[in-house]
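Okay, so here's the structure we're looking at.
On a predicted model such as this, the values are computed, not experimentally measured, just so you know.
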Amino acid sequence: METSAAATDSVRSARLQKVATPTGHFAVLAIDHVGSFAATVRPDDPGSMTTEDIWAAKLPLINGVGPAGGAMLIDPGFLEGTGFTRSGPLSETGLILGIEDGDYADVLTAPRFLPGWSVERAARLGVDAVKISMFFEPGGETTAAEAFVTEVVDQCRQQDMPLFAEPLALYDHSHERSEAVLEGVRLFGHLGADVLKLQFPEPAENTSEEAWTEACEEIDRLSPVPWAILSEGGDYRLFRRQLRVACRAGASGFLGGRAVWREAATGEGTLESAAARLRELNSIAVTEGVDWRSRK
């Protein structure tokens with residue numbers, strides 16, 4: 001008979017598999033941030049977008065592109081404010097909710113929940129997993145960030161909820177990027193999150209795939225849990241190459257945002273082309289990546 005702890009792990013693992021492909025890979029459409037979304041859609045005047053404008057712009061992307069992946073990462077405001085429910089082509093799509101106040105980018109502001117939010121509130125909405133991000137400076141003070149992750153892990157255990165944790169390294173020079181990303185794995189990987197959502201460890205100007213591979217293999221060596229890479233607002237073609245290298249080195253997939261949907265959101269591309277991008281990335285994750293269940 002399962003112990004209570006084992007039963008909890010079983011429930012959490014079942015939920016985590018709901019945001020993965022049937023093969024155990026993460027192919028996630030990320031459309032959770034609010035400020036950066038407005039800045040992408042209306043770069044000249046992002047402040048002119050009302051909350052309702054943002055919701056209206058996100059909905060076609062979610063409905064038109066989301067079914068091409070295994071899950072979506074969305075924001076609580078959209079989920080509650082629109083009464084969004086999964087139906088039709090999205091009925092089998094996993095749902096991850098970003099519950100941190102992530103529209104800031106400094107290490108002086110302690111990581112925090114969106115006002116009024118908690119893992120328990122997210123669980124009541126029927127989501128399959130939650131995500132938090134935290135900025136940190138390698139070699140700097142990380143006590144508050146580590147405490148935030150620990151608090152959220154505790155809440156997730158109480159709700160049998162999987163957690164994606166996203167340490168975002170801040171650094172001064174591009175050559176510091178690789179070590180900064182690795183430091184995030186060292187600092188936050190052992191705190192209890194189920195998946196690490198990571199920046200690609202090499203800067204875009206370094207075109208050596210050999211260096212990319214070495215850095216990704218080091219992430220895989222250091223990480224005690226499955227890991228996936230984020231697109232970080234980059235170019236789609238570059239992200240596609242990065243994903244292939246990361247998956248071959250041990251990543252279990254990706255969470256892709258603007259690299260997938262930027263042109264569709266601005267009218268420079270179509271929903272169909274964005275969905276084709278997500279399908280292509282999905283295929284790379286499935287054929288090249290590591291089943292997250294083999295890491296548990």
Side-chain angles (χ1 to χ4, degrees), residues 15 18-19 28-105 109 111-134 148 151-152 155-156 159 161-166 168 197 230-231 233 255-267 271 274-275 278:
R15 284 180 167 168
K18 288 183 69 174
V19 300
V28 182
L29 176 69
I31 192 164
D32 56 323
H33 287 302
V34 176
S36 60
F37 183 86
T40 300
V41 176
R42 293 185 190 170
D44 295 332
D45 190 13
S48 68
M49 290 194 80
T50 66
T51 298
E52 290 73 18
D53 290 337
I54 293 172
W55 291 347
K58 283 186 175 184
L59 189 59
L61 296 169
I62 287 170
N63 286 328
V65 184
M72 298 182 299
L73 169 60
I74 65 175
D75 62 283
F78 176 87
L79 186 59
E80 278 201 330
T82 64
F84 173 78
T85 57
R86 290 172 280 185
S87 59
L90 289 170
S91 59
E92 299 301 318
T93 304
L95 201 58
I96 307 170
L97 200 66
I99 55 174
E100 88 291 341
D101 188 356
D103 282 322
Y104 66 92
T109 304
R112 57 186 183 256
F113 287 110
L114 283 165
W117 280 89
S118 65
V119 176
E120 190 273 335
R121 183 175 174 183
R124 290 203 306 267
L125 293 175
V127 303
D128 305 306
V130 295
K131 179 233 95 178
I132 56 169
S133 62
M134 50 283 176
F148 177 62
E151 176 189 356
V152 180
Q155 291 191 20
C156 284
Q159 300 296 325
M161 183 67 66
L163 174 63
F164 285 70
E166 178 184 28
L168 293 169
K197 179 184 178 215
L230 62 145
S231 60
L255 294 91
R258 285 165 287 179
V260 174
W261 52 255
R262 179 188 289 107
E263 288 82 2
T266 60
L271 292 174
L278 189 56

(message) If I take atom CD from residue Glu151 and atom CD1 from residue Ile132, how far apart are they, to the nearest 0.5 angstrom?
(response) 9.0 Å
(message) Please find the pair of heavy atoms, one from Arg15 and one from Asp128, that lie closest to each other, and give the distance.
(response) CB-O, 3.5 Å
(request) Mind running side-chain contact (heavy atoms from CB on, under 4.5 Å) on Arg121 and Phe113 for me, showing each step along the way? (result) CA-CA 11 Å; Arg121 183 175 174 183; Phe113 287 110; over 6 Å; no
(message) Measuring only between side-chain heavy atoms, which start at C-beta, is Val130 closer than 4.5 Å to Gln159?
(response) no
(message) Using 0.5 Å steps for rounding, measure from the OG1 atom of Thr40 to the CZ atom of Arg258.
(response) 5.0 Å
(message) Could you tell me if the side chain of Glu80 sits less than 4.5 Å from the side chain of Trp117, heavy atoms only?
(response) yes
(request) Please name the pair of heavy atoms, one in Ile54 and one in Ala38, separated by the smallest distance, quoted to 0.1 Å. (result) CD1-CB, 4.2 Å
(message) Please check if the number of heavy atoms outside Glu120 that lie under 6.0 Å from its CD is greater than 12.
(response) yes
(request) Check whether any side-chain heavy atom of Leu271 lies under 4.5 Å from a side-chain heavy atom of Leu61, and answer yes or no. (result) yes
(request) May I ask you to decide if Leu230's main-chain N or O and Lys197's side chain share a donor-acceptor pair within less than 3.5 Å? (result) no
(message) For a quick test of reading the model, state the closest non-hydrogen atom pair linking Arg86 to Gly126 and the distance between them.
(response) NH2-O, 3.2 Å
(message) Would you say that Phe84 contacts Asn63 through its side chain, given a criterion of any heavy-atom pair below 4.5 Å between the two side chains?
(response) yes
(message) Could you report the tightest heavy-atom contact between Val41 and Thr266, atom names first, then the distance?
(response) CA-CG2, 4.4 Å
(message) What verdict does the side-chain contact (heavy atoms from CB on, under 4.5 Å) test give for Val260 and Val65, after you've listed the backbone C-alpha separation in whole Å, the side-chain angles of each residue and the deciding distance to 0.1 Å?
(response) CA-CA 9 Å; Val260 174; Val65 184; 4.1 Å; yes
(request) Kindly indicate whether the side chain of Val28, heavy atoms from C-beta on, has any atom under 4.5 Å from the side chain of Val19. (result) no
(request) For Gly81 and Trp55, work out which heavy atoms get closest and say how close. (result) CA-CH2, 3.4 Å
(message) One pair to check against side-chain contact (heavy atoms from CB on, under 4.5 Å): His33 and Asp75. What are the steps and the verdict?
(response) CA-CA 7 Å; His33 287 302; Asp75 62 283; over 6 Å; no
(request) State, to 0.1 Å, how close Ser118 and Gln155 come at their nearest heavy-atom pair, and which atoms those are. (result) CB-OE1, 3.6 Å
(request) Please test Leu79 against Val127 for side-chain contact (heavy atoms from CB on, under 4.5 Å), starting from the C-alpha separation and ending with a verdict. (result) CA-CA 10 Å; Leu79 186 59; Val127 303; 3.8 Å; yes
(message) When you measure from the side chain of Arg42 to the backbone of Ser48, do you find a donor-acceptor pair of N or O atoms at a distance under 3.5 Å?
(response) yes
(request) Determine whether Val152 and Glu100 make a side-chain contact, defined as any pair of heavy atoms from C-beta on separated by less than 4.5 Å. (result) no
(request) Enter the distance from Met72:CE to Ile96:CD1 here, rounded to the nearest 0.5 Å. (result) 10.0 Å
(message) When you compare the side chain of Trp261 with that of Leu278, does any pair of heavy atoms fall below 4.5 Å?
(response) no
(message) Quick check against the 3.5 Å criterion: does Ser231 have a side-chain atom that pairs as donor or acceptor with the backbone of Gly257?
(response) yes
(request) Decide yes or no for Ile62 and Leu90: does some side-chain heavy atom of the first lie under 4.5 Å from some side-chain heavy atom of the second? (result) yes
(request) To the nearest 0.5 Å, tell me how far Ser133 OG sits from Phe164 CZ. (result) 14.0 Å
(request) Rounded to the nearest 0.5 Å, what's the gap from NZ on Lys58 to CZ on Phe78? Could you check? (result) 7.5 Å
